[in-house]
Amino acid sequence: MVSRRRLAILTAAVLAAAPLTACGGSDDPSGGSAKTLTYWASNQGASLEADKQILQPELDRFEQQTGIKVNVEVVPWSDLLNRLLAAATSGQGPDVVNIGNTWSASLQATGAMVEFDDATLAKVGGRDRFVPAALAAAGAPGKPPAAVPLYSLAYALYYNKKAFADAGITTPPTTWEQVAELGRKLTGDGRWGLAVEGANASENAHHAFTFSQQYGGEWFDSAGKPTFDTPQNVAAVKRYVDLMATDKIINPSNAEYAQNQSVSDFANGKAAMLLWQAAGANLKSQNMAADAYGVAPVPFLAAPPAGGRKVNSMVAGINIAVFKHTRNPDAALEFVKFMTSDAEQVTLNKTYGSLPPVTTAASDPAFTAPEQKVLQATLATTAAPLPQVPDESTFETLVGTAIKELFADAASGKPVTEDGVRQKLSKAQQQMR
């Protein structure tokens with residue numbers, strides 16, 4: 001189980017800041033004909049409101065088919081993990097939730113989530129409906145999944161074609177050294193080479209994982225103990241933060257970004273490159289034409305050290321889960337079945353530019369665009385899963401926050417040194433104990 005101390009680290013802020021939404025379900029505890037579910041959706045599009053507009057017609061369709069009403073709240077990524085853990089701890093909150101797939105084992109360890117054993121999976125269509133790799137990222141190894149996959153994602157490098165052409169750049173970078181070099185050429189006249197979400201702890205942790213893999217590092221040992229401050233991890237985090245601190249290709253204001261502002265900067269021509277998961281739909285909603293940008297794999301180190309791995313993305317994705325405290329478990333599972341049906345998988349993944357983790361929907365022609373081909377290739381060949389350990393979500397919070405602080409230092413002009421990075425990571429490791 002996740003310790004009370006570690007849960008306190010993650011949930012204290014949200015418990016102090018905002019009350020939880022009351023549990024969903026009908027007013028009739030016997031399960032009358034009129035049922036209402038509360039659904040927390042993750043922010044996949046350009047804004048919280050854009051997501052609500054995308055989801056509402058689907059929720060209305062579900063109500064028409066089943067008579068079950070779904071009240072949706074779209075929760076920003078900067079708040080979602082804390083709110084989920086607070087709901088798990090308190091036993092109060094929504095019926096159905098979206099979770100980042102990397103959090104599955106951590107949320108499962110709280111004991112608050114419905115586990116999808118074979119009998120429960122049968123109620124939503126069966127185990128064979130889901131891509132095995134996606135289902136494997138839905139809970140701790142050796143246990144029934146604590147969720148089922150909803151959207152499959154990977155990171156890619158998006159680049160502005162006109163900005164590249166104007167700078168005389170004919171191909172996207174394939175190494176981080178090239179990112180820095182080309183980024184300097186692209187920076188100036190109100191535009192920066194690269195945009196990032198420097199205040200988003202989860203985003204920071206994802207990049208820390210990928211860079212660490214390229215440097216031959218690990219964030220946990222084989223026993224599940226944290227190894228945050230190893231030389232490999234220090235070098236990995238410094239390489240990422242140095243894109244702002246040393247290379248100066250990231251606007252210092254990005255140190256405060258946590259709610260997709262980097263995507264807006266890219267869409268509006270304020271940044272020439274962007275690291276993101278399936279950004280196409282978000283860019284389209286901000287009036288950036290699909291032929292205005294290119295999509296390439298995330299770069300690698302030009303000369304990886306001994307032990308460095310050819311990994312350029314974590315296995316990303318969004319899962320859908322049910323809290324045990326729901327008063328309408330059958331209705332909640334019916335909603336999960338609806339959201340993972342072929343029709344909804346095609347509709348929603350096409351809209352968001354993600355990939356269906358449902359086998360019968362993955363072959364739809366909607367997922368053959370250049371962006372989806374890059375994501376598919378990355379997931380198939382160069383992506384690796386984040387550690388499926390109970391403390392994974394704590395890792396994201398603590399290491400992601402340490403990187404947020406390093407970006408803040410860089411933005412203020414303070415030097416980011418190896419020793420400074422090591423101290424931040426050592427402090428984060430000590431908080432895990």
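Atom NZ in K404 sits 15.0 Å away from atom OH in Y257 (nearest 0.5 Å). Atoms CG and CD, from N260 and Q286 in turn, are 8.5 Å apart once rounded to the nearest 0.5 Å. In this structure, CD1 on I169 lies 10.5 Å from CG on N160, to the nearest 0.5 angstrom. Here the straight-line distance linking atom CD of E392 with atom OG1 of T102 works out to 4.0 Å at 0.5 Å rounding.
Not less than 6.0 angstrom separates the ring centroid of F211 from the ring centroid of F300. Aromatic rings from Y158 and W276 are positioned such that their centres are separated by 6.0 Å or more. Checked against the 6.0 Å centroid threshold, W77 and W103 count as a close aromatic pair. Side-chain rings of F335 and Y39 approach one another, their centers coming within less than 6.0 Å.
The neighbour count for K162 NZ, taken as heavy atoms of other residues, nucleotides or ligands under 6.0 Å away, does not exceed 12. Around the NZ atom of K324, the shell of radius 6.0 Å holds more than 12 heavy atoms that belong to other residues, nucleotides or ligands. When the shell of 6.0 Å around CD of E418 is examined, it contains 12 or fewer heavy atoms from other residues, nucleotides or ligands. The 12-atom threshold is exceeded at NZ of K238, counting heavy atoms of other residues, nucleotides or ligands nearer than 6.0 Å.
Aromatic ring orientation, F338 versus F62: tilted (interplanar angle from 30° to 60°).
Salt-bridge formation is detected for the pair R422/D419: a Lys NZ or Arg NE/NH1/NH2 atom is positioned less than 4.0 Å from an Asp or Glu carboxylate oxygen.
Using modelled atom types, one side-chain atom of Q429 and one backbone atom of F228 make a donor-acceptor pair closer than 3.5 Å.
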